[in-house]
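Treat the numbers as computed from the prediction; the structure is a model and nothing was measured.
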Amino acid sequence: MSADACHAPVVNQVLLAAQVIERAAMRYTPAGLPALDVRLAHASQIEHAGHPRQVSVEIHATALGDTARQLERLAIGESAVFSGFLGKQRSGRGVMFHISQLDTSPNVPALT
């Protein structure tokens, strides 16, 4: 690892327009915070290496506190723009998207 890489800023930020495709029941952390687990789906066409590419992904996500309450109000199939960071799933295997904010304003594009 180069000296420059050791001093590079640490960034773990995700911004994803997606649909809620699955939602678990609201649960509560030992500290009493509401927590909600969902599965999100995203599909789009992006340009990669100068060529159009169809991209689709499903990812497990979780939210805490007021964000969990806001997420609970989204209907299955409803789209939003989610922001947060990546971490491990509670099982220790796989990736979990930790949602810190979501935008459900009318200008959020509908995903097909």
**OP:** Kindly indicate, with the supporting measurements, whether the criterion side chain to side chain contact (heavy atoms under 4.5 Å, CB included) is fulfilled by Val81 and Leu16.
**Re:** CA-CA 6 Å; Val81 175; Leu16 182 68; over 6 Å; no
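- For residues 50-72, the pairs satisfying salt bridge (Lys or Arg N to Asp or Glu O under 4.0 Å) are Arg39-Glu58, Asp66-Arg69, with sequence neighbours left out.
- Applying the side-chain hydrogen bond (donor to acceptor under 3.5 Å, both in side chains) test to Gln45 and every residue at least two apart in sequence or in another chain returns Gln54.
- In this structure, Pro52 and Glu47 have side chains that are not in contact, with every pair of non-hydrogen atoms separated by 4.5 Å or more.
- Around atom CD of Gln89, more than 12 heavy atoms belonging to other residues, nucleotides or ligands sit under 6.0 Å away.
- In plain terms, the two heavy atoms of Ala35 and Leu64 that are nearest each other are CB-CD2, 3.5 Å.
- Listed by first and then second residue, the ring-ring contact (aromatic ring centres under 6.0 Å, His included) pairs involving residues 68-97 are Phe85-His98 (not counting sequence neighbours).
- Contact detail for Ser79 and Gln19: the closest heavy-atom pair is OG-CG, 3.2 Å.
- The two residues Pro34 and Ala68 have their closest heavy-atom pair at O-CB, 3.8 Å.
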Original post:
Under the side chain to side chain contact (heavy atoms under 4.5 Å, CB included) criterion, do Leu36 and Thr62 qualify, and how do the steps go?
Top reply: CA-CA 6 Å; Leu36 187 62; Thr62 191; over 6 Å; no
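- Closest non-hydrogen pair, Leu71 versus Ala63, comes out as CD2-CB, 3.9 Å.
- Arg27 meets the salt bridge (Lys or Arg N to Asp or Glu O under 4.0 Å) test with Asp37; sequence neighbours excluded.
- Two different hydrophobic clusters hold Ile99 and Leu33 under the rule that ILVMFWY side chains link at heavy-atom gaps under 4.5 Å.
- Looking at Leu74 and Thr104, their side chains come closer than 4.5 Å, going by heavy atoms from C-beta outward.
- Residues Leu40 and Ile21 have side chains not in contact (no heavy-atom distance under 4.5 Å, counting atoms from C-beta outward).
- Judged by distance alone, the side chain of Glu78 and the main-chain N or O of Ala75 form a donor-acceptor pair under 3.5 Å.
- With hydrophobic clusters built from ILVMFWY side chains whose heavy atoms lie under 4.5 angstrom apart, Val38 shares a cluster with Val95.
- Within the 3.5 Å criterion, the main-chain N or O of Ala17 finds a donor-acceptor partner in the side chain of His42.
- Under the 3.5 Å distance criterion, the side-chain polar atoms of Ser100 are matched with a main-chain donor or acceptor of Ser83.
- Residues meeting the side-chain hydrogen bond (donor to acceptor under 3.5 Å, both in side chains) test with Gln13, sequence neighbours left out: none.
- Residues in residues 46-77 take part in no ring-ring contact (aromatic ring centres under 6.0 Å, His included) pair, two or more places apart or across chains.
- Side-chain contact between Met96 and Leu86: absent, with no pair of heavy atoms (C-beta onward) separated by less than 4.5 Å.
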